[in-house]
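Treat the numbers as computed from the prediction; the structure is a model and nothing was measured.
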Amino acid sequence: MRTIACLALAIVQATFHGNVERTGAYENPGPAKLGGVKWAFKAGGPIVTSPAVVDGVVYIASLDGHLYALDQETGKEKWNFKSSRPIASSPAVDRGTLYVVSSVGALVALDTATGKPKWVFAAEYERKFEAKGLHGYPSAQQTIPDAWDIFTSSPAVASGKVFFGGGDGGVYAVDAETGLLQWKFATKDVVHASPAVSGTTVYIGSWDSYLYAIDADTGQLKWSFKSGDDAAMHNQVGFQSSPAVVDGTVYVGCRDAHVYALDAATGAKKWDYPTSKSWVIGTPAIAKGTLYVGTSDSARFLALDAKTGRLKWNFDAKAYIFSSAAIAGDLVYVGDHNGKLYAISAQTGKLSWEFRTDASKADPLKVLNPDGSLNQEAFAPLFGDFEDMYLDFYRFASIGAIMSSPVVDRGVVYVGSMDGKLYAIE
């Protein structure tokens with residue numbers, strides 16, 4: 001059974017963070033020096049999702065509600081699929097079918113040749129994470145949807161099933177060919193993290209503060225791990241980060257300001273690394289015994305020893321990092337809220353080169369300092385309540401913040417931006 005599962009996993013051609021184990025490691029190196037933009041495709045709205053690249057086609061979803069198929073060499077549009085709502089899920093491609101989750105909670109299967117739907121599976125409902133007194137905003141009695149709940153779950157395809165999480169708190173397994181429900185596992189809050197699959201186990205976190213290991217065949221719980229709580233402001237709680245599974249260990253970030261390493265078989269904690277009250281939203285990338293991940297408020301990009309959790313190096317990213325890093329060759333590529341893509345030495349943490357989005361260079365609202373850090377005066381509260389979160393989201397869109405996770409293929413880095421552009425950087 002284990003051999004069959006491994007063979008099935010190998011068939012998946014393209015998915016969020018490189019593979020269904022979500023390691024973020026790519027086989028071939030990317031550009032060692034910044035040559036420039038090979039091409040840039042302009043969508044109709046911000047892009048927070050990550051591209052899937054396979055068979056000469058780049059697939060990318062946008063908050064304009066479209067899923068685009070682009071020629072890999074030219075960036076020319078081949079087709080697009082229009083959803084009724086924004087798309088904040090990164091696509092997975094497997095054997096001629098593309099799977100993506102729309103912001104109404106529907107899993108859509110598209111023919112990669114035409115963009116035509118094969119089938120649609122609808123979850124019960126979709127919503128953002130919400131709470132009373134969220135982040136300390138007044139009033140304490142008002143239920144507030146979290147503007148920083150940006151991503152929806154990106155599907156994983158393995159062993160003939162498509163796995164994803166929903167805003168209704170469910171983790172779903174759907175038949176990849178027919179779209180028929182195989183099982184549903186219920187958590188106690190929104191599930192917008194993306195599942196990782198290793199062997200016959202699905203690993204996924206929920207906003208209920210638990211990370212779950214679920215049997216991929218039956219949907220039965222194998223174990224769960226409890227992270228931190230924040231009953232007062234609901235700020236330091238919940239999993240947005242998707243887990244990565246390497247060598248029998250599950251690595252995951254959490255909004256409780258920790259990176260965790262858990263035994264994949266039992267859920268026992270091996271180590272945790274505290275991040276000074278900063279959220280860890282991106283999925284850890286792991287290669288050659290080192291884990292790479294970014295933080296929010298402390299604006300750090302970290303390299304940790306995968307066995308011990310000890311800090312190897314620390315890169316000053318200047319602004320928040322929600323992007324999940326890609327490891328290719330000797331470099332690690334990661335996006336930043338300041339509109340920069342960093343290429344960093346995997347060994348030393350030294351910056352090799354950086355790319356700035358067009359909107360970051362223009363900076364129309366003057367939200368950046370000259371060094372790329374955030375101009376706090378430009379982020380001064382206007383309403384004094386939760387509406388300021390949504391203003392900040394707009395401010396980051398104005399500078400082309402990179403929340404998308406880069407993909408490396410054929411020596412080119414592909415990454416989306418909140419300025420609505422997908423960049424091919426060589």
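The closest side-chain heavy-atom distance from T187 to F239 is not below 4.5 Å. Here the side chains of S405 and T283 are not in contact, with every heavy-atom distance at 4.5 Å or above. Between P274 and H258 the shortest side-chain heavy-atom distance falls below 4.5 Å. Side-chain contact check for T357 versus I399: every heavy-atom pair is 4.5 Å or farther apart. Between M418 and F393 there is a side-chain heavy-atom pair separated by less than 4.5 Å. Considering only heavy atoms from C-beta on, F121 comes within 4.5 Å of F164 through its side chain. Put simply, the side chain of I281 reaches to within 4.5 Å of the side chain of R255, judged on heavy atoms. You'll find the side chain of T15 stays beyond 4.5 Å of the side chain of V93, heavy atoms only.
Between the CD atom in E377 and the CG atom in N369 there is a gap of 9.0 Å [rounded to 0.5 Å]. With rounding to the nearest 0.5 Å, the separation of CH2 in W148 from CD in Q240 is 10.5 Å. If you take CD1 on I150 and CZ on F322, they are separated by 5.0 Å, rounding to the nearest 0.5 Å. Atom-to-atom distance recorded for T295:OG1 and Y273:OH is 9.0 Å, nearest 0.5 angstrom. In this structure, CD1 in I47 is found 8.0 Å from CG in D419, a value given to the nearest 0.5 Å. Rounded to the nearest 0.5 angstrom, Y210 OH and F225 CZ are separated by 10.5 Å.
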Can you list the steps and then say if V332 with F301 is a side chain to side chain contact (heavy atoms under 4.5 Å, CB included)? CA-CA 10 Å; V332 185; F301 186 67; 3.6 Å; yes
Show your reasoning for whether ring-ring contact (aromatic ring centres under 6.0 Å, His included) applies to Y59 and Y99. CA-CA 11 Å; Y59 303 93; Y99 304 92; over 10 Å; no
Apply side chain to side chain contact (heavy atoms under 4.5 Å, CB included) to R22 and V245, showing your working. CA-CA 7 Å; R22 311 297 194 196; V245 188; over 6 Å; no
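Of the charged side-chain nitrogens involved, none lies within less than 4.0 Å of a carboxylate oxygen, so that K318 and D336 do not count as a salt-bridged pair. A salt bridge links D392 with R395; the closest basic N to acidic carboxylate O contact falls under 4.0 Å. Checked for salt-bridge contact, R410 and E73 meet the test: a charged N lies under 4.0 Å from a carboxylate O. Contact check on R127 versus D146 returns no salt bridge, with no Lys/Arg side-chain nitrogen under 4.0 Å from an Asp/Glu carboxylate oxygen.
Test V408, V415, V412 against I425 for side chain to side chain contact (heavy atoms under 4.5 Å, CB included) and you get one pass: V415.
Annotation: D371, atom CG; neighbour count of heavy atoms from other residues, nucleotides and ligands within 6.0 Å is above 12. More than 12 heavy atoms of other residues, nucleotides or ligands lie within 6.0 Å of NZ in K118, so this atom counts as buried by the packing criterion. No more than 12 heavy atoms of other residues, nucleotides or ligands lie within 6.0 Å of CD in Q347, so this atom counts as exposed by the packing criterion. Other residues, nucleotides and ligands place more than 12 heavy atoms under 6.0 Å from the CG atom of D149. Taking a 6.0 Å sphere around NZ of K188, one finds it holds 12 or fewer heavy atoms contributed by other residues, nucleotides or ligands. Heavy-atom neighbours of K82 NZ from other residues, nucleotides or ligands within 6.0 Å: above the threshold of 12. E387 CD: more than 12 foreign heavy atoms inside a 6.0 Å radius. Residue Y390 qualifies as enclosed at atom OH: its count of foreign heavy atoms under 6.0 Å is above 12.
Between H337 and Y320, the angle of the ring planes goes over 60°, which puts this pair in the perpendicular group of the 30/60° scheme. Classification of the Y423-F355 ring pair by plane angle, with boundaries at 30° and 60°, yields perpendicular.
No donor-acceptor pair under 3.5 Å is formed between the side chain of N80 and the backbone N or O of H66.
Neither side chain, S352 nor K33, offers a donor N or O lying under 3.5 Å from an acceptor on the other. For H192 and E126, the side-chain atoms include at least one donor-acceptor pair closer than 3.5 Å.
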